[in-house]
Amino acid sequence: MPTRTRYAPSPTGIPHVGNIRTALFSWLLARHDGGQFVLRLEDTDRTRFVPESVDGIIESLRWLGLDYDEGPDVGGPHAPYVQSQRLGRYRTAADRLLSQGDAYECWCSSQRLDALRAEQQRLKRPPGYDGRCRTPEGQRAARAEAQAEGRGSVVRFKTPDSGSVSLDDAIHGRLTFDLTTIDDFVVLKSDGYPTYHLAYIVDDEDMRITHVLRGDEWIPSVPRHMLVYGALGIEPPVIAHTPRILGPDGAKLSKRHGATSVFEYRDEGYLPDALVNFLALIGWSLDDKTDIISREQLVEHFSLSRVVKSPGVFNAEKLLWMNGVYIREMPPERFAAVAADWLDDRLPPSVARPVDRALVAKIAPLVQERIKLLSELPDYCDFLFRDDLVYSRDELLGKVFRDRPADAVAVLSETRNRIGALGDWTTEAIEAELRGQAEALSLKPGDLFSLVRVAVTGKRVSPPLFETIEALGRERSLARLDDAARALQA
RNA sequence: GGCGCCAUCGUCUAGAGGCCUAGGACGCCGCCCUUUCAAGGCGGAGAUCGCGGGUUCGAAUCCCGCUGGCGCUACCA
């Protein structure tokens, strides 16, 4: 039987890195085993449904490279892959439970249920359905009230009053639950939609899912699920409860900890491969020393047996470091292409589009080894693509020329003349000339270079100076030296 | 309150009785390299393996208890 896993998010918002990590594990497992990965939308809660989130889910998987073999937009042999389009399947299952006596119709109002719960809490008793509709008399009375008020019924699973059920979790090992504390739970809502407890089981069975991976916040629901599997005569798939991803304070990862959606990471300039690598290592490891691991290696080595049980804190600094590693490891041509696209998107509108790809190709290797985020690109090299530099007098002069601006002007003009007279406009020639000038003026090389750097780039931090000047070209470089000198005289 | 899950450096983790005077990585601190910024190299600090009992010649590793953190406790997933 081929391994089939699925990612079954409910379309209620933008994909969260926590959910995505579970999706990643599911994808890795399917790919490792040469099986299939399925996308299914669990949209049974009409009150929380956010239509746009469907595109977000699909786009986030696409961006991360987690391709699926079957899903709402690509179809497949078990279509439809959207729960709201499969209501008949759940109705059939619920009817079977009803006819078998494993479930019953419950007509209790939500007001009664709320009041019941409040009372139970007040008495410090475990909250739970009291079973009113479980008895013919109770049910008759409740139905009469409901029909008088025009309310419908739900289908409730009849949980045994005693005994226990257990699951051999692929990550946690054997989990056993005492049924005495489990109340009768709803499997079909009054609007005809199923609850998660019924829907996922029916769908996984229909779709031949062999391995279910989900967050460990689902563990408390396991006994209910085991009961449903049993009543429906379904052999449970392998079930694995994955550890959760926490924020730095140990609480659930949320917006106040920083970015939580994969799109935020994409838009900040993280690389999908870096995020995949990082996420894979929260809760899973290859060995005692591997931290940079390719997608292919991940697929080759992934195993549920190496997934840990304990929750992991999202270490944003490590992700940042890792992204830098991935940027540096990109083939230079590829980085240049990515950089050009990024600059096209992010450079100020005043810069002509599309950006000069040849220029990008020249500067890209120099910035590639200095940035950790693609979003640092514009700051690092915008000076190459615009000529409207604004000089800060303080930055231009620095500490060295602070009290002698006239000297700085003279130095700038000499630099202009020296490199203007250069025969070869090469990095080597420019460097030799500037070093010669520094020596002639008995200036520390760094002091001269800083001044020239700000003049040419407008910043104190830039890619290496000589290469930068070469890339800028003779004409533009000379003009900037002039501009900077003028700015100091103004 | 009830039920449950988890527990190794600040963080991600390695560790499945002796290989551990607990390894790697991020971060942090030095030094080196250096035209800025990075990157890189070298070195360092950092965990009495939550606590207490057992079992054993020997425990981070097995058992029990405790504590702490977290989760669930909806006609949400």
Side-chain angles (χ1 to χ4, degrees), chain A residues 8-10 12 19 42-45 47-48 106 108-110 113-114 117 120-121 123-129 152-156 169 172 175-178 180-183 185-191 193-197 199-200 214-223 241 243-244 246 248 250-252 278 281-292 306 308-322 324-325 328 366-372 376 380 398 431 434-435 438 444-450 452-454 457 459-466 468:
Chain A
S10 60
T12 54
N19 305 328
E42 307 215 325
D43 59 342
T44 56
D45 184 346
T47 64
R48 295 201 308 154
C106 171
C108 293
S109 70
S110 49
L113 263 18
D114 289 344
R117 199 157 29 237
Q120 287 163 333
Q121 272 169 5
L123 296 171
K124 303 217 172 198
R125 300 283 359 147
Y129 183 62
S153 63
V154 302
V155 176
R156 243 178 227 286
D169 186 284
H172 292 267
L175 262 18
T176 301
F177 302 84
D178 185 348
T180 55
T181 60
I182 313 292
D183 67 347
F185 54 99
V186 175
V187 291
L188 200 67
K189 306 183 236 182
S190 57
D191 61 4
Y193 282 68
T195 60
Y196 173 82
H197 309 306
Y200 100 85
R214 68 184 13 161
D216 61 14
E217 67 272 21
W218 284 107
I219 289 179
S221 302
V222 164
H241 288 97
R244 304 163 43 116
L246 272 25
K252 185 171 66 175
F278 176 73
L281 259 24
I282 301 180
W284 179 87
S285 63
L286 173 62
D287 53 32
D288 60 342
K289 48 180 67 69
T290 305
D291 39 34
I292 299 298
R306 288 195 63 83
V308 301
K309 301 175 183 177
S310 48
V313 170
F314 190 94
N315 185 348
E317 286 182 324
K318 187 161 185 171
L319 170 59
L320 183 61
W321 162 79
M322 200 174 271
V325 172
R328 274 175 259 128
L366 303 175
V367 304
Q368 181 171 7
E369 50 190 287
R370 331 191 110 69
I371 61 173
K372 289 182 173 158
E376 295 175 61
Y380 243 106
E431 172 164 10
L434 285 181
R435 287 193 188 280
K444 278 195 277 185
D447 292 344
L448 171 63
F449 301 162
S450 288
V452 175
R453 180 189 313 284
V454 179
T457 69
K459 306 167 198 287
R460 294 201 73 85
V461 173
S462 82
L465 184 58
F466 317 122
T468 297

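All values below were derived from every heavy atom in this structure, side-chain atoms included, with hydrogens, water molecules and symmetry-related copies excluded. Just so it is clear, the structure is predicted and the values come from calculations on it, not from any experiment. Chain letters run A, B, ... following the sequence lines, proteins first and then strands; every chain starts at 1.
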Taking only side-chain nitrogens and oxygens of [X], does any of them come within less than 4.0 Å of OP1 or OP2 of [N]?
{"X": "A:Lys372", "N": "B:A39", "answer": "yes"}
{"X": "A:Arg435", "N": "B:U35", "answer": "yes"}
{"X": "A:Lys189", "N": "B:A77", "answer": "yes"}
{"X": "A:Arg328", "N": "B:G40", "answer": "yes"}
{"X": "A:Thr47", "N": "B:C76", "answer": "no"}
{"X": "A:His241", "N": "B:C5", "answer": "no"}
{"X": "A:Ser285", "N": "B:A14", "answer": "yes"}
{"X": "A:Arg244", "N": "B:C70", "answer": "no"}

Applying a 4.0 Å non-hydrogen cut-off, can you work out what [X] is touching in the nucleic acid: base, sugar-phosphate, or nothing?
{"X": "A:Ser310", "answer": "sugar-phosphate"}
{"X": "A:Tyr380", "answer": "base"}
{"X": "A:Val308", "answer": "sugar-phosphate"}
{"X": "A:Gly215", "answer": "nothing"}
{"X": "A:Lys124", "answer": "sugar-phosphate"}

Can you tell which of [options] lies closest to the side chain of [X]?
{"X": "A:Pro127", "options": "B:A14, B:G40, B:U73", "result": "B:U73"}
{"X": "A:Arg117", "options": "B:G71, B:C75, B:A7", "result": "B:C75"}
{"X": "A:Leu465", "options": "B:C6, B:C75, B:U35", "result": "B:U35"}
{"X": "A:Ile282", "options": "B:C12, B:A38, B:A77", "result": "B:C12"}
{"X": "A:Val313", "options": "B:U35, B:U11, B:G4", "result": "B:U11"}
{"X": "A:Val154", "options": "B:A77, B:C75, B:A25", "result": "B:C75"}
{"X": "A:Phe466", "options": "B:C76, B:G10, B:U35", "result": "B:U35"}
{"X": "A:Pro126", "options": "B:U35, B:G2, B:C26", "result": "B:G2"}
{"X": "A:Thr181", "options": "B:A25, B:C3, B:C6", "result": "B:C3"}
{"X": "A:Glu217", "options": "B:U35, B:C5, B:A77", "result": "B:A77"}

With rounding to the closest Å, how many angstrom separate the [atom1] atoms on [N] and [M]?
{"N": "B:U13", "M": "B:G53", "atom1": "C1'", "answer": "29 Å"}
{"N": "B:U48", "M": "B:C72", "atom1": "P", "answer": "31 Å"}
{"N": "B:A16", "M": "B:G23", "atom1": "P", "answer": "14 Å"}
{"N": "B:G46", "M": "B:G24", "atom1": "C1'", "answer": "14 Å"}
{"N": "B:C33", "M": "B:A38", "atom1": "C1'", "answer": "13 Å"}
{"N": "B:C20", "M": "B:C29", "atom1": "P", "answer": "31 Å"}

Steps toward side-chain hydrogen bond (donor to acceptor under 3.5 Å, both in side chains) verdict (A:Thr290, A:Asp287) = CA-CA 6 Å; A:Thr290 305; A:Asp287 53 32; 2.9 Å; yes
Counting only Watson-Crick or G-U wobble pairs whose two distances fall under 3.5 Å, which nucleotide matches [N]?
{"N": "B:G46", "answer": "none"}
{"N": "B:G1", "answer": "B:U73"}
{"N": "B:U11", "answer": "B:A25"}
{"N": "B:G40", "answer": "B:C32"}
{"N": "B:U55", "answer": "none"}

Using the ring of each side chain (for Trp, its six-membered ring), is A:Tyr196 parallel, tilted or perpendicular to A:Trp218, with breaks at 30° and 60°?
->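 It falls in the parallel class, under 30°.
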Presence of salt bridge, A:Glu431 and A:Arg435, under 4.0 angstrom | yes
